Structures are given as C-alpha cells and as structure tokens.
J.: 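Sharing a structure below in structure tokens format, with a few things to ask.
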Protein chains: 2
Amino acid sequence: MRFQIDSRSPSPPSEQLADQVRFAVASGRLAPGDRLPSVRALAEEIRINPNTVSRSWRDLEREGVLESRRGDGMFVAAGALKSCRAAADALVKERLARALAEALGAGMSIERVFEIVRNSYSGEKGRSKAS
Amino acid sequence: MRFQIDSRSPSPPSEQLADQVRFAVASGRLAPGDRLPSVRALAEEIRINPNTVSRSWRDLEREGVLESRRGDGMFVAAGALKSCRAAADALVKERLARALAEALGAGMSIERVFEIVRNSYSGEKGRSKAS
DNA sequence: ACGGGTGTCCTATCGAGCTAGGACACCGGG
DNA sequence: CCCGGTGTCCTAGCTCGATAGGACACCCGT
C-alpha cells in the first residue's frame with residue numbers, strides 16, 4: 001500500500017490519509033485482516049507527524065473500518081468492505097458533483113466536461129502503467 | 001450575482017468566494033465594468049466577516065480581475081475575461097482530474113464515473129430550472 | 001525476563017484563517 | 001459643506017489542525 005499527502009490540497013492530511021484507506025479497502029487493495037503500516041513508520045515515510053497518522057487510524061477505528069490490537073498493530077476490520085464501499089461511493093459522488101457544478105458555473109458545456117474527464121482518464125491510465 | 005459559502009467545504013471561505021467571482025467572469029455572468037457588491041453588504045448577506053470578503057477582493061485585484069475605485073466600489077477589470085477563462089479552465093480541469101483519480105482509486109470503472117456525472121448533470125439542470 | 005515494536009494518551013506550541021471592532025481616506029449626492 | 005457609503009488597514013482573539021516530545025501499557029520473539 002502506497003500512501004501520500006498532497007500538501008497543496010485544502011483537506012487536512014489526516015483526512016486525506018483516512019480517505020485513502022477507505023478507498024483502498026473499497027477497491028480491494030486492502031482486505032479485511034490486512035495489517036496497516038505502523039504509526040511511526042508511516043509518519044516517517046510520508047513526512048507527517050505520528051500523531052497525525054494516529055488521528056486517522058483512531059477515526060477509522062471509531063468508524064469500524066480498522067481494528068486495533070494493542071501492542072501488535074492496526075488491521076482492516078471484518079465488516080469494513082461494505083461500509084467502505086458505501087462511504088467511498090458517497091464521497092466520490094459528492095466530489096464529482098461538486099466539480100461538475102463548478103465546471104457548469106464556469107460556463108463549460110457538459111460535452112467539454114466529458115472531454116476533460118476522458119483526456120484525464122487516458123493520462124491516469126498511462127501513469128499507472130508507467131509506475 | 002448570487003454568492004454563497006459552503007461551510008462544509010475544506011476550502012476557506014475567502015477562496016470559495018474568489019473562485020465564484022472568477023467563474024462568474026469566465027462565464028459572462030459578470031462582465032468588465034460591472035460593480036461588485038460592497039464588502040459590508042455581501043458580508044452580511046452570506047454571513048461571513050467583512051474582512052474575509054475584503055481579502056477575496058484584494059486577492060482578485062492583485063490578480064488583475066477586479067479594479068478598486070476608492071470611495072466608490074469594486075469593478076470587474078477590463079482584461080478580466082481572458083485571464084478568468086484561463087484560470088477557470090485550469091481550476092476546473094484540476095478539480096475534475098482529482099475527483100476522477102479518487103473515483104478510480106476507489107475501484108470505480110470509468111463508465112460508472114460517466115454515469116454519475118450524467119446523473120448529476122440532470123440534477124443540476126433541474127435545480128437551475130426550478131430556481 | 002527482557003527489549004523492541006506496537007497503539008494510545010498527554011501537554012504545549014505553532015501557523016493558517018476567520019472573527020471582532022475600530023479607525024482612516026476617499027467619493028458623491030443632497 | 002456634510003454625511004453616508006465605499007475600500008483599506010490595524011490589532012486582538014479565537015478555532016482548528018499539525019507539530020513536537022514525551023510517557024505508558026501492551027504484545028511477541030529471543
């Protein structure tokens with residue numbers, strides 16, 4: 001699992017990280033029972049404070065996505081798949097709707113929006129092949 | 001011109017407001033020479049602090065989008081249309097690309113993304129007719 | 001039993017951004 | 001000329017979240 005923080009994004013790092021975990025579970029890249037990186041190791045890797053990682057893990061645990069085993073580590077919870085699929089679906093819908101509303105508000109045609117998404121998709125595909 | 005602040009959005013109010021002005025200019029809803037609402041009036045209308053509106057206006061002026069006439073008001077600058085079109089286009093592209101990347105990361109197919117955008121578009125159309 | 005790794009918690013500090021309230025200079029109509 | 005409306009600026013305080021550094025309890029391999 002590869003996590004990363006976009007410091008230019010307006011959302012705080014702790015939320016970005018939590019979202020990435022939800023998305024990873026929803027897509028199956030993380031499965032129930034999988035162990036997550038340790039608070040300290042991940043914090044060093046993505047250059048944020050251990051407390052910030054800890055906050056994300058704590059929020060996700062309260063949400064039922066993660067399970068903490070004291071002295072051992074954090075693991076993806078059993079029922080996480082369903083709830084993450086729902087949460088991810090809702091979140092993505094909201095973000096797409098917001099972006100679409102902005103595009104229309106800026107005077108773009110719906111065709112232009114589709115074109116941008118299509119082009120962006122080609123870019124994404126190429127990038128994931130390359131990596 | 002109708003402005004509004006989404007307090008749930010992660011972007012700060014001053015940026016939301018500035019973006020809305022850029023989009024309005026880019027789409028032609030605001031034309032060069034048009035007067036903008038006064039700092040105090042708009043602040044009261046959208047329930048934020050006058051200083052916050054002032055900050056947006058100041059940023060937009062430094063960007064060349066607005067023109068201040070002391071003791072009179074703020075007006076859309078002459079060359080605003082072109083720069084706003086460019087800025088809005090870039091901004092929308094970036095937001096759409098980010099939302100798309102999230103959707104794909106959450107395991108959605110590109111077809112599903114198009115479907116969501118299409119549905120969202122129908123909703124938007126209906127809403128703008130209603131208002 | 002011990003030591004290293006784990007999550008958890010605590011206090012303190014810092015920075016960004018909004019809020020609050022006031023002060024000032026400017027313009028224009030009455 | 002006056003006075004209300006305008007943009008601009010200033011200081012102060014507040015909230016939120018990240019940062020910093022440390023302390024503690026737990027688990028497990030050695």
Side-chain angles (χ1 to χ4, degrees), chain A residues 1 3-21 25 30 32-78 80, chain B residues 1 3-21 25 30 32-78 80:
Chain A
M1 271 310 310
F3 297 109
Q4 55 183 345
I5 298 302
D6 179 2
S7 54
R8 296 167 317 170
S9 165
S11 342
S14 59
E15 280 181 30
Q16 288 184 46
L17 182 54
D19 281 346
Q20 286 177 37
V21 172
V25 173
L30 275 180
D34 283 357
R35 155 185 266 115
L36 274 81
S38 87
V39 164
R40 295 173 179 82
L42 182 56
E44 184 174 9
E45 183 190 340
I46 62 182
R47 305 287 177 179
I48 64 178
N49 194 283
N51 285 321
T52 304
V53 178
S54 186
R55 188 169 314 133
S56 302
W57 277 200
R58 172 171 50 75
D59 291 345
L60 289 167
E61 185 185 18
R62 289 184 181 159
E63 208 175 304
V65 174
L66 298 184
E67 224 171 39
S68 143
R69 301 184 201 156
R70 265 210 160 214
D72 193 358
M74 295 289 309
F75 299 82
V76 178
Chain B
M1 270 309 311
F3 298 109
Q4 54 183 345
I5 297 303
D6 179 1
S7 54
R8 297 168 316 171
S9 165
S11 335
S14 58
E15 281 181 29
Q16 289 184 46
L17 182 54
D19 281 346
Q20 286 177 37
V21 172
V25 173
L30 275 180
D34 282 357
R35 154 185 267 117
L36 274 80
S38 87
V39 164
R40 294 174 180 82
L42 182 56
E44 184 174 9
E45 183 190 340
I46 62 181
R47 305 287 176 179
I48 63 178
N49 193 282
N51 284 320
T52 304
V53 178
S54 185
R55 190 167 313 133
S56 303
W57 277 199
R58 173 172 50 74
D59 292 345
L60 289 167
E61 185 185 17
R62 290 185 180 159
E63 210 175 304
V65 174
L66 298 185
E67 224 171 39
S68 145
R69 301 186 201 154
R70 263 211 161 210
D72 193 357
M74 296 288 311
F75 299 81
V76 178

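A note on names: the letters A, B, ... follow the listed sequences, proteins ahead of strands, and every chain is numbered from 1. Computed from a predicted model, the values in this text were never measured in an experiment.
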J.: For A:Asn49, report the nucleic acid contact type (base, sugar-phosphate, nothing); a contact means any heavy atom under 4.0 Å.
T.: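 Base, at least one base atom sits under 4.0 Å.
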J.: I'd like to know whether CD of B:Glu44 has more than 12 heavy-atom contacts from other residues, nucleotides or ligands below 6.0 angstrom.
T.: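 At most 12 heavy atoms, drawn from other residues, nucleotides or ligands, come within 6.0 Å of this atom.
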J.: Expressed in angstrom and rounded to an integer, what is the separation of A:Asp72 atom CG from D:dC26 atom P?
T.: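 Value for this atom pair: 15 Å.
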J.: Rounded to the nearest Å, what distance is computed from the CG atom of residue B:Leu42 to the P atom of nucleotide C:dT19?
T.: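 Rounded to whole Å, this separation is 12 Å.
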J.: Nearest-Å distance, CG (B:Asp59) to P (C:dA16)?
T.: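 Interatomic distance, CG of B:Asp59 to P of C:dA16: 15 Å.
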J.: Using a cut-off of 4.0 Å on non-hydrogen atoms, how would the nucleic acid contact of B:Arg55 be classed: base, sugar-phosphate, or nothing?
T.: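 Here B:Arg55 touches the bases of the nucleic acid.
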J.: Round to a whole Å and report the spacing from CZ of A:Arg58 to C1' of C:dT6.
T.: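 It is 17 Å, rounded to the nearest whole Å.
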J.: Please report the distance, rounded to the nearest Å, between CD in A:Glu44 and C1' in C:dT6.
T.: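 Result: 16 Å.
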J.: Quick one: label A:Arg40 by what it contacts on the DNA or RNA (base, sugar-phosphate, nothing), any heavy atom closer than 4.0 Å.
T.: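 Answer is base: heavy atoms of A:Arg40 come under 4.0 Å of a base.
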J.: Applying a 4.0 Å non-hydrogen cut-off, can you work out what B:Glu67 is touching in the nucleic acid: base, sugar-phosphate, or nothing?
T.: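 The answer is nothing, as B:Glu67 stays clear of every strand by at least 4.0 Å.
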J.: Across the strands shown, which category fits A:Glu61 at heavy-atom distances under 4.0 angstrom: base, sugar-phosphate, nothing?
T.: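 It contacts sugar-phosphate atoms only.
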J.: Hey, could you give me the OG/CG distance between A:Ser11 and A:Leu17, rounded to the nearest 0.5 Å?
T.: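 Reported to 0.5 Å precision, the distance equals 12.0 Å.
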J.: Looking only at side-chain atoms of B:Asn51, point me to the closest of C:dT8, C:dA20, C:dC26.
T.: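 Given the options C:dT8, C:dA20, C:dC26, the side chain of B:Asn51 is closest to C:dA20.
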J.: Which pair of heavy atoms, one from B:Met1 and one from B:Leu30, lies closest together, and at what distance?
T.: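 Minimum heavy-atom contact is CG-CD2, 3.5 Å.
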J.: Using heavy-atom distances to pick each residue's nearest nucleotide on DNA chain C, tell me which of A:Arg62 and A:Gly73 is more 5'.
T.: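 In this pair, the answer is A:Gly73.
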J.: Can you check whether B:Ser38 has a side-chain N or O nearer than 4.0 Å to OP1 or OP2 of D:dT6?
T.: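 Checking D:dT6 against B:Ser38, a side-chain N or O does come within under 4.0 Å of OP1 or OP2.
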J.: Could you report the tightest heavy-atom contact between A:Asn49 and A:Ala43, atom names first, then the distance?
T.: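 Looking at all heavy atoms of both residues, the closest pair is C-CB, 3.9 Å.
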J.: I want to confirm an ordering. Mapping B:Ala41 and A:Ser14 to their closest nucleotides on DNA chain D, which one lands closer to the 5' end?
T.: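 Its nearest nucleotide being more 5', the pick is B:Ala41.
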J.: Under 3.5 Å, side chain of B:Thr52 to main-chain N/O of B:Ser14, donor-acceptor pair present?
T.: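 Pair absent, no side-chain N/O of B:Thr52 close to backbone of B:Ser14.
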J.: Do any side-chain nitrogens or oxygens of A:Ser68 fall under 4.0 Å of OP1 or OP2 in C:dT6?
T.: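 Answer no for this pair, as no side-chain N or O of A:Ser68 is under 4.0 Å from OP1 or OP2.
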J.: Report the distance from atom CH2 of B:Trp57 to atom P of D:dC9, rounded to the nearest whole Å.
T.: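 Those two atoms, CH2 and P, are 16 Å apart.
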J.: If you look at every strand shown and take non-hydrogen atoms under 4.0 Å, does B:Pro13 touch a base, only sugar-phosphate, or nothing?
T.: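 Result for B:Pro13 = sugar-phosphate.
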J.: To the nearest Å, how far apart are B:Ile46 CD1 and C:dT19 C1'?
T.: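 Taking atom C1' of C:dT19 as the reference, CD1 of B:Ile46 is at 14 Å.
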J.: Side-chain atoms of residues 57-71 of chain A: list all donor-acceptor pairs with protein atoms under 3.5 Å, sequence neighbours left out, distances to 0.1 Å.
T.:
residue: A:Glu63; atom: OE1; partner: A:Arg22; partner atom: NE; Å: 3.4
residue: A:Glu63; atom: OE1; partner: A:Arg22; partner atom: NH2; Å: 2.8
residue: A:Glu63; atom: OE2; partner: A:Arg22; partner atom: NE; Å: 2.8

J.: Measure from the side chain of B:Pro12, starting at C-beta and using heavy atoms only, and say which of C:dG7, D:dA18, C:dC18 lies closest.
T.: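 Of the options given, the side chain of B:Pro12 lies nearest C:dC18.
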J.: Would you kindly give the CG-to-P distance between B:Leu17 and C:dT19, to the nearest whole Å?
T.: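 In whole Å, C:dT19 P lies 12 Å from B:Leu17 CG.
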J.: OP1 or OP2 of C:dG17 versus the side-chain N and O atoms of B:Thr52: is any pair under 4.0 Å?
T.: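 Answer no for this pair, as no side-chain N or O of B:Thr52 is under 4.0 Å from OP1 or OP2.
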